[in-house]
Amino acid sequence: MERVDSRKTWVDDPIWRSEEFIRERLEFLDQNFPVLFQPYWGQPVDLEYRRRLEIAADCILELKYSDGRAVIPLIGILRAASKEQLIVLDEDRDTSDLGPSPGILERDNWEFYKLTVEALGAIGDERAVEPIIESIVTMGYDPHYTREAFLALAAIGTERAIGHIFDAIGAMEDLAFDRHDHYENESVIREALTGVPLDRRCVNLAISILERHENRLTRELAADALGSSYDPRALQPLVGAVRNEREREVRHAALKALERLQRDLTHSSCAFTHGLEEVITALRDPELYVSIAAAEMLGNYRSEKAVQPLIDCFEDLGIDVCLRSLAYIGGEVATSYLIGKLGMADERHRLLAADALWCSEEEEVLVALLESISERTHNFGSRKMVWEVIKSIQYMAGWSDESQLHEKAEGALIRLLEKQDPMVRSFAVTAIGRNLIEGSCFHRDSCTEALRRASKDADRNVRHIAKWYCSNATDIVRDPT
């Protein structure tokens with residue numbers, strides 16, 4: 001039997017589905033399984049046994065590129081492996097020498113189980129759904145052994161396959177012994193439900209589960225699945241869950257899913273359009289982490305209706321992301337509020353405002369940021385404040401959509417190199433150098449010349465930083481002096 005290297009072969013090469021190719025591999029598996037277990041230790045080691053297992057593993061992997069002709073034989077291997085009947089012990093064998101590795105037989109069967117469910121998932125034939133479900137039950141829903149089986153069901157993607165993933169949630173909860181088991185179970189199901197977008201019928205199923213299922217975790221994971229579905233029909237059910245859901249975990253999951261789905265359905269720079277009123281209401285949720293998720297999301301709506309609720313939320317609860325959302329929304333009220341925070345005596349408020357304002361497109365924000373670290377204010381001595389302000393100006397200079405603001409922010413960074421305080425100069429040269437290396441400078445020649453001048457600065461630290469950036473920006477012509 002000739003081996004095929006998948007790394008050097010096209011997936012649509014006819015060889016993968018040729019009668020001879022499939023027959024040879026199925027015959028090898030049929031002739032060599034079940035196989036009597038041989039230990040890996042002691043003398044002599046049965047090299048032929050190891051070689052047969054390696055070839056069998058390759059056969060299963062290669063059959064994943066075939067079609068429905070391989071499904072029934074692979075189902076047979078799946079069932080045998082899940083019951084530890086693929087690699088078996090000789091009934092007459094003394095098992096005392098298994099000593100240090102009593103689970104090695106279980107592990108070897110599981111390795112073939114894992115390969116087989118992966119192949120069945122890749123083929124995508126619905127005949128594999130029930131046998132995979134049976135194997136999950138046989139293996140006690142243990143997430144350490146059934147992860148690949150759930151991923152295979154998700155890859156097959158039929159309503160029955162996805163329905164069983166949801167059905168398994170309650171059973172896995174009942175069988176979990178402790179919090180760690182609950183976490184592992186939840187992670188496996190979430191990975192399966194969000195890794196592949198649901199098809200139309202499965203979206204309807206997930207909507208029905210979100211709206212009606214009695215199990216809290218099942219509804220929560222349905223919201224997660226809808227958030228990754230790329231299907232606009234999921235928008236309103238998620239909005240409804242944000243508004244009406246009684247369990248905090250599901251409300252939080254619905255908020256995050258609604259945010260993710262709207263971002264996936266549009267360009268990241270487009271304003272959100274669904275659920276604004278419900279998300280504003282969620283700012284007053286009794287659970288703080290739900291309020292945080294709502295505050296983080298509101299900036300994406302770009303709506304001034306959210307400005308005052310965000311201001312009230314920050315004043316009442318001190319949720320940091322309220323300021324970032326206000327900066328995203330912009331406008332006179334939001335901008336004035338954030339600029340006012342730059343002058344507050346409370347350094348935490350100043351730092352949060354400086355960090356949030358990097359995404360503003362307002363020229364007055366640039367002026368206010370520079371003023372907040374000028375020699376005329378008591379804030380000048382705060383190293384944190386200086387760094388947060390210069391970092392925000394760096395982002396304005398590197399990524400602003402407004403070309404005028406982009407240019408002015410870059411010019412402000414260059415002028416900061418003339419300040420008396422070496423701390424300000426060192427931060428400014430770092431900001432210019434980062435934008436230069438990232439290729440986001442507005443005037444590359446001006447930034448290059450600024451770095452060259454800074455490499456001769458009176459302060460040793462400034463010189464060192466400037467020279468490093470000069471040497472690492474490959475297209476800068478190095479000054480021989």
Side-chain angles (χ1 to χ4, degrees), residues 194-200 203 206-207 210 223-243 251-283 290-311 313-314 319-335 337-338 355-366 392 394-407 409 438-440 442:
T194 60
V196 180
L198 303 176
D199 78 357
R200 177 182 56 82
V203 168
I207 290 172
L210 174 64
D224 275 341
L226 290 171
S228 301
S229 67
Y230 290 85
D231 193 317
R233 290 173 304 154
L235 288 167
Q236 282 309 123
L238 288 171
V239 171
V242 172
R243 180 178 59 247
R251 293 197 301 275
H252 180 264
L255 275 168
K256 302 303 288 185
L258 181 61
E259 179 180 18
R260 189 166 67 251
L261 181 58
Q262 292 194 82
R263 184 171 288 118
D264 288 342
L265 288 173
T266 62
H267 190 273
S268 59
S269 63
C270 294
F272 288 180
T273 56
H274 288 73
L276 173 61
E277 296 295 339
E278 287 77 7
V279 179
I280 290 175
T281 301
L283 284 174
V290 177
S291 298
I292 293 172
E296 186 175 24
M297 185 176 174
L298 277 171
N300 295 300
Y301 286 93
R302 308 291 200 274
S303 172
E304 294 196 7
K305 289 180 68 175
V307 170
Q308 194 57 50
L310 282 167
I311 291 174
C313 183
F314 182 77
I319 296 175
D320 299 358
V321 291
C322 288
L323 300 186
R324 178 67 59 82
S325 288
L326 286 169
Y328 274 123
I329 295 170
E332 182 179 353
V333 176
T335 301
Y337 179 76
L338 290 170
D355 176 63
L357 283 168
W358 70 267
C359 56
S360 174
E361 299 289 347
E362 308 286 344
E363 187 175 333
E364 63 182 304
V365 169
L366 173 61
S392 287
Q394 178 208 327
Y395 291 144
M396 287 181 173
W399 304 109
S400 172
D401 292 333
E402 294 289 335
S403 60
Q404 273 193 328
L405 183 62
H406 188 158
E407 184 176 15
E438 291 169 1
S440 56
F442 191 82

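Note that this is a predicted model, so its numbers are computed, not measured.
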- Task: Report yes if the side chains of L283 and L298 come closer than 4.5 Å at any heavy-atom pair, otherwise no.
- Result: yes
- Message: Looking at E332, I want to see if its CD is surrounded by more than 12 non-hydrogen atoms of other residues, nucleotides or ligands under 6.0 Å.
- Response: no
- Query: Can any side-chain N or O of S325 pair as donor or acceptor with the backbone N or O of A295 at less than 3.5 Å?
  - Reply: yes
- Message: For Y328 versus G299, what's the shortest heavy-atom pair and its separation?
- Response: CB-O, 3.7 Å
- Looking at residues at least two apart in the chain, or sitting in another chain, which of them share a ring pair (Phe, Tyr, Trp, His ring centres under 6.0 Å) with Y337? none
- Message: So L276 and K305, do their side chains get closer than 4.5 Å, heavy atoms only?
- Response: yes
- Message: Any heavy-atom pair between the side chains of I319 and S291 that's under 4.5 Å?
- Response: yes
- Can you tell me how far CD of E304 sits from CD1 of I329, rounded to the nearest 0.5 angstrom? 8.5 Å
- Kindly compute the distance separating SG (C270) from CG (L265), expressed to the nearest 0.5 Å. 11.0 Å
- Message: Just so I know, are the side chains of R302 and F272 near enough to count as touching, which here means a heavy-atom distance under 4.5 Å?
- Response: no
- From the list E296, M297, R251, side-chain contact (heavy atoms from CB on, under 4.5 Å) with K256 holds only for E296
- Message: Looking at Q262 and T273, would you say the former's side chain and the latter's main chain have a donor-acceptor pair under 3.5 Å?
- Response: yes
- Over all atoms of both residues, closest heavy-atom pair of G398 and S440: O-CB, 3.2 Å
- How close do L405 and S360 get, heavy atom to heavy atom, and via which atoms? CD2-O, 3.7 Å
- If you draw a 6.0 Å radius around CD in E438, do more than 12 non-hydrogen atoms from other residues or ligands fall strictly inside? yes
- Please check if the side chain of R260 supplies one atom and the backbone of D224 the other of a donor-acceptor pair under 3.5 Å. yes
- 4.5 Å side-chain heavy-atom contact, C322 and C313: yes
- Would one find more than 12 heavy atoms of other residues, nucleotides or ligands at under 6.0 Å from atom CZ of R233? yes
- Give a yes or no on whether the backbone of P232 and the side-chain of H274 come within a donor-acceptor separation of less than 3.5 Å. no
- Message: Are L338 and V365 packed together at the side-chain level, in the sense that at least one heavy-atom pair is separated by less than 4.5 angstrom?
- Response: no
- For D231 and V203, the nearest pair of non-hydrogen atoms, with its separation, is OD2-CG2, 3.7 Å
